[in-house]
Structures are given as structure tokens and as C-alpha cells.
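Before any comments, here is the structure.
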Amino acid sequence: MGHIPAPPTRRERQREATYDEIVTVSAELLAEGADLSLRAVAARMGMTAPALYRYVADYQALVDLVAYELDKRATAEWAKEAERYPEDDPMARLTVACCAFRRWAIANPRAFSLVFANPVASHVTDRREALTVATSGCYLTDLLYQVWEKTKFPFPALEDLDPVVREAVQDPWIPAETSHIAPEDRGLVWIYIRSWAAVYGVVALEATMHCDPRVIRSGALFKATLVDWLPPLGIDGRQERERLIAILDEELARDRDAWPAP
């Protein structure tokens, strides 16, 4: 019989509730365009800044906590959207999840910047651990792995990779579960990195409005980016390609209907 963990104590429940409130208040400040600071969070919560230090030691700890939890909350929303399609249709789920990621980023640009433009300066800091457990990265790469299980799309052999890339895929610093990938198959991680760079790149341009607003509203650049990735992911049949593009078009039309005209 397995060990049953003891239920959390009242103090532990109160502490967790305070962490949840810190994240919620921080998200409100970001949405309002206000500065995110320990003092601002404490004031909104009716606490003193020194009292808040019992939960977050400094500003960077606040950012790390809020970024991790906002990423976790957002990923749960994307997963719920993707679950409109069955578990054995990972490419449809991945398509919808990427669209949901884009939708969230454009609607919440400051939260997006906090979560995804919050640099990690060194691999020896605690922040590396925070980066590599990011919920969204693990979720999206898990879907990509499920796609690979179905299509067996090609990936480079280790000996064909640049030495720096070879080292990176063998000891990845990215938010992805890789323990189940055989050492000789770690070229698959390079596909993880490249596909994420493509999706993240266009979404970052759109969320920060560093792109023609007409192109953002149309979704044309985002669509082109995802469609370009269908052949590398083993989606080369006309019928399957058209099915996925129809799913993508449906998601983008939903966004255009919701967003105000420029």
C-alpha cells in the first residue's frame, strides 16, 4: 500500500493562497499597464513590502514566480482549446494550441513579455531550472513528439549537426521532456528548437506590434509560418494538409471576428 501524503496544514494552505494572490494581483497590474513591483503588489494586497518579502525575496523572485504561474495558467487554457480534437490527432491539437498561444500573447502583451522575454543570464543560476520546467514548452514539445510518433518525420543525425548544436541537443536547456528520447535520436530536439523559434518569432513580432497591423489582423504571416512547417513534420498528403489548413483558417477567422477593426 502506497504512502498517502498528509493533507496540507492551515498555515500551508494560507501560504499557497497568498502566492496565488500575488500572481493574480501581478497579472492585474500587467493588464492595467501599471508597473510591476514589490511595492505595487504589496499595496494592492493590503500588505507592507517587508511582509511580502516573506514570500518573494526580491524583484527577480517575484518575476520568476509570476512568469511561471502565468505560463502554467495560460497553458491550461491552450490545452483545453486543443482538447476539442481527440488525443490521437496530435497535429490538430498542436495547430489549435499554437493559435491559442498567439491569441493569448496578442491579448496579453505585457504578460507575454514577462513570461517569454525574461532572459536567463547563466546556466548555473536557479533561473535555468525555472526555464526548463516552463509548462508551455513541455506541453508543446510533448505534442510535437506525439506527431513524430505518428508520422516519423525525419530529423538530423547527431554527426550532421554543428558541434555546438550537437552539445545543446544532448544536454538541452529548453522546457521539454527529453529523457524518453534515445541519445542517438536527440536530433529530434533540434526540430523542437527550430519549430519553437519559428512560432515564437512571429508571435513575438505580433504581440509587440512590430509588424504591420493589417498583417497581424489577417493572420497571414502566422498562417504561412505554420503551413511552411507541415512538410518537415511529415504532413505531405494533400487531404491531411487541407484538413489542417481548414482548422487553422477556422481559428484565425475566430480571432478576426473578435478583434476590433483597425
Side-chain angles (χ1 to χ4, degrees), residues 2-83 97 100-143 172-177 179 196 200 203-204 207-208:
H3 173 70
I4 300 175
T9 65
R10 183 171 181 271
R11 176 173 291 184
E12 288 170 339
R13 291 196 304 272
Q14 289 176 331
R15 188 170 183 81
E16 285 305 310
T18 301
Y19 278 122
D20 288 343
E21 187 178 1
I22 290 170
V23 174
T24 298
V25 164
S26 297
E28 291 172 354
L29 290 169
L30 290 169
E32 294 166 7
D35 289 336
L36 179 63
S37 67
L38 289 165
R39 186 176 299 277
V41 172
R44 180 71 63 94
M45 292 176 64
M47 299 173 67
T48 63
L52 190 62
Y53 290 146
R54 296 203 299 266
Y55 299 91
V56 284
D58 52 28
Y59 175 72
Q60 189 59 65
L62 173 67
V63 168
D64 290 346
L65 168 67
V66 174
Y68 175 79
E69 291 296 336
L70 290 184
D71 179 70
K72 184 177 177 180
R73 293 180 184 184
T75 304
E77 296 175 6
W78 312 340
K80 186 176 180 179
E81 292 280 349
E83 285 166 8
F101 164 55
R102 173 182 184 258
R103 186 178 302 124
W104 170 80
I106 293 174
N108 303 278
R110 296 189 73 218
F112 168 80
S113 294
L114 185 78
V115 174
F116 292 102
N118 181 21
V120 177
S122 170
H123 72 280
V124 297
T125 67
D126 291 339
R127 307 235 8 251
R128 177 189 174 186
E129 181 179 351
L131 174 73
T132 56
V133 298
T135 312
S136 58
C138 292
Y139 172 67
L140 293 172
T141 51
D142 281 351
L143 285 175
W173 299 355
I174 63 171
E177 176 53 57
S179 62
W196 169 244
Y200 172 80
V203 169
T208 56

Strictly distance-based, threshold 3.5 Å: is any side-chain N or O of Asp71 a donor or acceptor partner for the main-chain N or O of Thr135?
yes
What residue pairs, at least two apart or across chains, pass salt bridge (charged side-chain N to carboxylate O under 4.0 Å, His left out) with a residue in residues 38-49?
Glu28-Arg44, Glu32-Arg44
Can you spot which of Ile174, Leu140, Thr141 makes a side-chain contact (heavy atoms from CB on, under 4.5 Å) with Trp196?
Leu140
Quick one: do Phe112 and Val203 satisfy side-chain contact (heavy atoms from CB on, under 4.5 Å)? Show the steps, please.
CA-CA 10 Å; Phe112 168 80; Val203 169; 4.1 Å; yes
Inter- and intrachain pairs under ring pair (Phe, Tyr, Trp, His ring centres under 6.0 Å), touching residues 20-39, at least two apart:
none
Working note: Thr18 + Met45, criterion side-chain contact (heavy atoms from CB on, under 4.5 Å); need CA distance, chi angles, decisive distance, verdict.
CA-CA 9 Å; Thr18 301; Met45 292 176 64; 4.0 Å; yes
Is the backbone of Leu30 close enough, under 3.5 Å, to the side chain of Arg110 for a donor and an acceptor to pair up by distance?
yes
What are the two closest heavy atoms between Leu62 and Ser26, and how far apart are they?
CD1-OG, 4.0 Å
Ring pair (Phe, Tyr, Trp, His ring centres under 6.0 Å) involving Tyr19 - partner list, sequence neighbours excluded:
Tyr55
Only pairs at least two apart or in different chains count here, so list each salt bridge (charged side-chain N to carboxylate O under 4.0 Å, His left out) that has a residue in residues 12-27.
none
Which residues share a side-chain contact (heavy atoms from CB on, under 4.5 Å) with Ala61, sequence neighbours left out
Val56, Asp58
Sorted by chain and number, sequence neighbours left out, side-chain contact (heavy atoms from CB on, under 4.5 Å) with Ala40 holds for Leu29, Ser37
Residue set satisfying salt bridge (Lys or Arg N to Asp or Glu O under 4.0 Å) with Glu81, at least two apart, ordered chain then number -> Arg84, Arg254
Output all residues satisfying ring pair (Phe, Tyr, Trp, His ring centres under 6.0 Å) with Trp78, sequence neighbours left out; order by chain, then residue number.
Phe101, Trp104
Is any side-chain heavy atom of Arg73 closer than 4.5 Å to a side-chain heavy atom of Val23?
yes
Closest approach of Tyr59 and Leu38, non-hydrogen atoms and distance?
N-CD1, 3.7 Å
Those residues at least two apart in sequence (or on a different chain) that pass side-chain contact (heavy atoms from CB on, under 4.5 Å) with Ala27 are Leu70
Looking at Ala97, is its backbone amide N or carbonyl O close enough to the side chain of Tyr139 to form a donor-acceptor pair, meaning the two atoms are under 3.5 Å apart?
no
Partners meeting side-chain contact (heavy atoms from CB on, under 4.5 Å) with Ser179 (sequence neighbours left out):
Glu177
For Pro109 and Ala207, work out which heavy atoms get closest and say how close.
CB-O, 3.4 Å
